[in-house]
Amino acid sequence: MALSKEERILEFVLKNAVRGDPDSVVDTIDRYCSSKEWAMNVGNEKGLILDKIVKETNPSVLVELGTYCGYSAVRIGRLLKPDARFFTLEVNPKFADVARQMLEFAGLKDKVQILEGATYDIIPQLKKKYEVDTLDFVFVDHWKDQYKPDTLLLENCNLLRKGSVILADNVIVPGAPDFLKYVRTCGKYDCTNYLSHLEYMNEDDALEKAVFRG
Ligand SMILES: Cc1ncccc1-c1cc(O)c2nc[nH]c(=O)c2c1
Ligand SMILES: [Mg+2]
């Protein structure tokens with residue numbers, strides 16, 4: 001069988017990036033996806049906003065909803081302190097397999113744990129099975145219809161504490177209107193919108209930061 005787009009991206013990285021150098025992996029994925037094949041990585045423009053917020057938060061325990069090829073897992077993982085614990089959740093086995101190889105090549109295999117399965121199955125396991133108390137940072141980048149239900153699930157599993165940061169990609173395109181309305185009006189979050197552009201395109205997109213009030 002021919003290679004999938006995600007496997008073509010991985011192959012390009014394995015051939016053109018520097019093993020053990022996460023910055024070169026990020027740059028190489030951006031080079032491929034901006035010149036050869038578009039793919040739904042958060043990209044460099046929104047990625048720089050993500051970097052800034054991760055650095056400001058300096059998280060010890062993090063979760064990412066939606067790994068895809070591992071671009072943002074590498075991007076976030078490269079900024080974490082040595083003892084940080086970072087779980088990235090991916091429902092698609094083929095994407096998880098590409099991401100595993102991407103993280104290994106970047107030298108982040110021991111820093112980032114890929115959990116394969118649906119967010120609604122894994123989130124309720126984080127406390128007991130994965131020994132999580134509360135989360136410092138959550139990057140939401142999976143499927144627009146899951147943004148709000150998974151935010152409610154994080155709340156109901158007592159995984160959020162005062163100051164927990166939820167950062168959501170794509171709140172303009174594809175858009176997650178029910179999520180935006182919820183975090184902005186429920187009274188439990190302090191929200192900030194970061195206007196940017198859809199990865200590798202000129203079209204508007206934005207990140208939304210929602211800090212749990214506790
Ligand atoms: C695929 C697509 N087409 C046109 C416009 C935007 C997108 C798009 C962009 C993203 O960053 C995504 N991130 C996570 N999950 C998605 O489904 C997703 C979809
Ligand atoms: Mg996205």
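The basis for the numbers below is simple: all heavy atoms, side chains too, and nothing from hydrogens, waters or symmetry mates. Just so you know, ligand 1 is whichever comes first in the structure, and atom 1 is the first atom listed for that ligand.
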Next on the checklist: Can you tell me which portion of W38 lies within the under-4.0 Å heavy-atom range of ligand 1? Options are side chain, backbone, both, or neither.
Outcome noted: side chain
Item to check | Parallel, tilted or perpendicular: rings of Y182 and Y189 (30°, 60°) | outcome: perpendicular
Checklist entry - Which one holds for N170 and ligand 1: side chain close, backbone close, both close, or neither close, with close meaning a heavy atom under 4.0 Å? => result side chain
Next on the checklist: Among the N/O/S atoms of D141, which is closest to the Mg ion (ligand 2)? Give the atom name.
Outcome noted: OD1
Checklist outcome for this item: Nearest non-hydrogen contact to atom 17 (O) of ligand 1 from the set E199, E203, H142 belongs to H142
Item to check | Side-chain H-bond candidate by donor/acceptor type, Y68 with N92, under 3.5 Å | outcome: no
Checklist entry - Do any heavy atoms of Y200 fall under 4.0 Å from ligand 1? => result no
Checklist entry - So does E199 pair up with K46, basic N to acidic O under 4.0 Å? => result yes
Checklist entry - For atom 18 (C) of ligand 1, what is the nearest protein heavy atom, given as residue, atom name and distance? => result M40 SD, 3.5 Å
Item to check | Shortest protein contact, atom 19 (C) of ligand 1 (heavy atom only) | outcome: P174 CG, 3.6 Å
Checklist entry - Is it the case that S196 and D205 place a side-chain donor and acceptor less than 3.5 Å from each other? => result no
Item to check | Donor + acceptor pair across side chains of R31, N44 (<3.5 Å) | outcome: no
Next on the checklist: If only side-chain N and O atoms count, and only distance matters, is there a donor-acceptor pair under 3.5 Å linking Q125 with Y130?
Outcome noted: no
Item to check | Electrostatic pair E7:K94 at N-O distance under 4.0 angstrom | outcome: no
Checklist entry - In this structure, are over 12 heavy atoms from other groups packed under 6.0 Å from Y120 atom OH? => result no
Item to check | N, O or S atom within D169 nearest to the Mg ion (ligand 2), by name | outcome: OD2
Checklist entry - Distance below 4.0 Å between atom 4 (C) of ligand 1 and any protein heavy atom? => result no
Next on the checklist: Please determine whether N41 has a backbone or side-chain N, O or S atom lying under 2.8 Å from the Mg ion (ligand 2).
Outcome noted: no
Item to check | Contact atoms of ligand 1, heavy-atom distance to L198 under 4.0 Å | outcome: 5 (C), 6 (C)
Item to check | Short N-O contact, E56 and K52, less than 4.0 angstrom | outcome: yes
Next on the checklist: Taking a cutoff of less than 4.0 Å between a non-hydrogen atom of the residue and any ligand atom, is G66 in contact with ligand 1?
Outcome noted: no
Checklist entry - Quick check: does W143 get an N/O under 3.5 Å from an N/O on ligand 1? => result no
Next on the checklist: If we ignore hydrogens and angles and just use 3.5 Å, is the side chain of D97 paired with the main-chain N or O of P93 as donor and acceptor?
Outcome noted: no
Next on the checklist: Heavy-atom distances under 4.0 Å decide this one: backbone, side chain, both or neither, for D169 against ligand 1?
Outcome noted: side chain
Item to check | Which segment of D205 sits under 4.0 Å of ligand 1 when only heavy atoms are counted | outcome: neither
